[in-house]
Amino acid sequence: MTDTADIVIAGGAVIGSSIAWHLATHPGFRGRILVVEPDPTYQFSASALSAGSIRQQFSQPVNIAISLYGIDFLRGIGERLAVEGERPEIGLHEGGYLYLGTEETRPVFEANNVDQTRLGARIALLDPAALAARFPYLSTEDITIGSLGLAGEGWFDGYGLMQAFRKAARAAGVEYRKARVVSLLRKGERIEGVTLDSGEAITCGAFVNAAGASGARFLCEQAGCPVPVYAKKRSVFSFAAKGEFPAHPLVIDTSGVWWRPEGTGFITGYSPDEPEPIDFAHDFEVDWPLFEDVIWPALATRIPAFEAIRPGRAWAGHYDMNLLDHNAVVGRLGDLANAYLACGFSGHGLQQSPAVGRGLAELIVEGAYRSLDLGDLGFARLTANRPLLERNVI
């Protein structure tokens with residue numbers, strides 16, 4: 001059995017659904033869009049298991065610009081993605097990010113701040129006295145500088161954002177199919193079709209690989225365009241604490257441990273330097289020793305009241321980690337004329353999904369980026385071994 005679509009998108013989580021919605025609503029596009037997603041519950045997707053945050057405190061200008069557009073999109077999501085008068089709610093809370101630094105990291109903070117403020121982000125550099133005045137519960141004993149987002153940074157319901165894109169895409173005529181793309185038919189410089197795990201073949205005018213941690217690298221290999229993108233597990237822990245912690249932002253400690261408010265408590269995590277990459281995101285066991293051995297001691301050191309916390313539930317998910325430089329790979333897929341790629345987001349997919357969806361829709365329909373040039377994230381840097389190094393990775 002053979003089907004046909006103008007565009008086939010492999011992966012229907014937040015990236016695939018954003019691309020689908022932006023394509024379907026692009027005034028220059030007319031055609032059938034088919035999104036192929038193996039798990040329509042999305043229970044193990046990064047979109048569902050992420051901490052759901054957004055920031056402009058990056059070192060690469062393209063990442064700063066992407067998230068500046070992202071926060072604007074999220075602020076207006078109720079109007080942008082409304083379906084038949086029903087406005088999605090994602091609980092956006094602009095609580096800010098606070099990076100804590102030492103004298104050694106001060107030059108990086110100051111250099112980043114130049115680009116961040118030049119592009120329009122509201123980021124303040126604070127000395128220990130200013131930090132203590134604003135956050136009296138915070139120990140600044142070994143801190144010489146803090147970088148605080150005053151607006152446009154915070155957290156939200158990532159699963160809600162993904163479902164809002166998906167619902168709006170379906171309302172705009174996008175079709176979703178429960179299946180997995182298992183092979184690609186390449187002829188010359190074109191992908192002429194895909195095969196699903198059901199055995200069904202689908203011919204296509206264009207193909208988009210947004211398959212995430214469990215499939216993007218495999219499909220790139222099928223196309224003859226390998227990418228160094230692997231699944232990397234991250235555990236997130238919740239806890240409760242006694243005391244008052246007014247205006248508490250998302251904090252990134254000098255230890256690498258991060259935490260932020262969540263409801264009446266907090267969530268926290270830590271990214272080991274080089275966890276072992278895996279081919280597919282099948283391991284969802286929580287790394288409990290990480291909390292006991294690394295995270296809790298760091299929490300108690302930075303906020304003394306956190307010494308008496310009560311641990312709660314925890315969960316594990318996977319980033320589609322780009323091992324070259326921890327930045328997304330977006331744009332045309334290698335030398336292919338009708339294939340596109342959006343993967344390797346390394347934990348930034350939710351916040352980058354609005355700009356990436358818009359950009360790829362422009363590239364596919366108009367042949368070039370129009371609103372924001374995403375060329376720095378292109379595939380060519382992989383083959384040239386030219387990393388786009390991001391100094392602000394959590």
Please determine whether a side-chain nitrogen of the Lys or Arg among E37 and R166 lies less than 4.0 Å from a carboxylate oxygen of the Asp or Glu. no
Output every pair passing ring-ring contact (aromatic ring centres under 6.0 Å, His included) with a member in residues 73-95, not counting sequence neighbours, ordered by first then second residue. F73-F165, H93-W155
Is the ring pair F245/H248 parallel, tilted or perpendicular, if the boundaries are 30 and 60 degrees? perpendicular
Going by distance alone, is a donor N or O of one side chain under 3.5 Å from an acceptor N or O of the other, for T144 and T102? no
Considering residues, nucleotides and ligands other than E86, do more than 12 of their heavy atoms fall under 6.0 Å from its CD? no
Going from CG on N112 to CD on Q57, what distance comes out if it is rounded to the nearest 0.5 angstrom? 8.5 Å
Please say yes or no: joined through hydrophobic side-chain contacts below 4.5 Å, possibly via intermediate residues, are Y319 and L377 part of one cluster? no
In terms of side-chain heavy atoms, does E390 have a donor or acceptor partner in N63 at a distance below 3.5 Å? yes
Minimum heavy-atom distance between V229 and C343, given as atom pair plus value: CG2-SG, 3.9 Å
Are any of the side-chain nitrogens in K233 or E285 under 4.0 Å away from the carboxylate oxygens of its partner? no
Does NZ or CZ of R260 fall inside the cone over F266's six-membered ring, less than 6.0 Å from its centre and within 45° of the axis? no
Count the heavy atoms belonging to other residues, nucleotides or ligands that lie under 6.0 Å from CZ of R134, then report whether that count exceeds 12. no
Tell me whether R118 at atom CZ has more than 12 heavy atoms from other residues, nucleotides or ligands lying less than 6.0 Å away. yes
Quick one: CG on L68 to CD on Q56, what's the gap to the nearest 0.5 Å? 4.5 Å
Could you see if F109 belongs to whatever hydrophobic cluster contains I123? Use Ile, Leu, Val, Met, Phe, Trp, Tyr and a side-chain cutoff under 4.5 Å. no
Verdict with reasoning, E94 to R75, per salt bridge (charged side-chain N to carboxylate O under 4.0 Å, His left out): CA-CA 10 Å; E94 295 185 44; R75 287 168 176 164; 2.8 Å; yes
Looking only at heavy atoms, the pair that brings L98 and P249 closest together is CB-CG, 3.7 Å
Donor + acceptor pair across side chains of E362, H26 (<3.5 Å): no
To the nearest 0.5 Å, what is the distance between OH on Y159 and OH on Y42? 8.5 Å
When you check the side-chain N and O atoms of Q222 and S183, is any donor under 3.5 Å from an acceptor? no
Are F44 and F284, when compared by the centres of their aromatic rings, separated by less than 6.0 Å? yes
Here the pair of heavy atoms bringing L336 nearest to G188 is CD2-O, 4.4 Å
Show your working on salt bridge (charged side-chain N to carboxylate O under 4.0 Å, His left out) between R80 and D72 and close with a plain yes or no. CA-CA 11 Å; R80 292 177 189 267; D72 181 69; 2.9 Å; yes
Are the side chains of N327 and S346 in contact, using a 4.5 Å heavy-atom criterion? no
Taking the side chain as every heavy atom from C-beta outward, state whether N322 and V329 have any pair of such atoms under 4.5 Å apart. yes
Hey, what do you get for OG (S147) to CG (L126), rounding to the nearest 0.5 Å? 8.0 Å
Run the salt-bridge test on R302 and D142 with the 4.0 Å N-O cut-off and return the result as yes or no. yes
N338-E189 side chain donor-acceptor pair, cut-off 3.5 Å: no
Please say which of K178, R177, R180 ends up in a salt bridge (charged side-chain N to carboxylate O under 4.0 Å, His left out) with E200. R177
Given the ring of Y230, does R217 sit roughly above its face, with NZ or CZ under 6.0 Å from the centre of the six-membered ring and within 45° of the axis? yes
Which heavy atom in C225 sits nearest to a heavy atom in G334, and how many Å separate them? SG-CA, 3.9 Å
Considering all heavy atoms, the nearest S17-M162 contact: CB-O, 4.5 Å
Where P61 and L119 come nearest, the two heavy atoms and their spacing: O-CD1, 3.7 Å
Should K232 and D287 count as an ion pair when the cut-off is N to O under 4.0 Å? no
Spatial distance of atom CG (L250) from atom CD1 (I54) [nearest 0.5 Å]: 12.5 Å
Near-ring test W288/F237, centroid separation under 6.0 angstrom: yes
Below 4.5 Å, heavy atoms only, C-beta onward: do L150 and L148 meet side chain to side chain? yes
For the residue pair V208 and I364, establish whether any side-chain heavy-atom pair is separated by less than 4.5 Å. yes
Rounded to the nearest 0.5 Å, how far does CD of Q60 lie from CG of L388? 4.0 Å
Is it the case that more than 12 heavy atoms not belonging to E366 sit under 6.0 Å from its CD atom? yes
Is there a path of hydrophobic side-chain contacts, each under 4.5 Å between heavy atoms of I, L, V, M, F, W or Y residues, that connects I191 with I19? no
Side chain proximity check, T105 to T254, heavy atoms < 4.5 angstrom: no
S67-R55 side chain donor-acceptor pair, cut-off 3.5 Å: no
Would you indicate whether the side-chain heavy atoms of T140 and F135 approach each other to under 4.5 Å? no
Side-chain touch Q43/L49, heavy atoms, less than 4.5 angstrom: no
Taking the cut-offs as 6.0 angstrom to the six-membered ring centre and 45 degrees off its axis, would you call R381 and F379 a cation-pi pair? no
Side chain to side chain, C220 and L333, heavy atoms closer than 4.5 Å: yes
Establish, yes or no, whether a centroid distance under 6.0 Å links the rings of F58 and H348. yes
Apply ring-ring contact (aromatic ring centres under 6.0 Å, His included) to F239 and F306, showing your working. CA-CA 9 Å; F239 66 92; F306 282 176; 5.1 Å; yes
List the steps and the verdict of salt bridge (charged side-chain N to carboxylate O under 4.0 Å, His left out) for R32 and D6. CA-CA 5 Å; R32 182 187 180 207; D6 294 282; over 6 Å; no
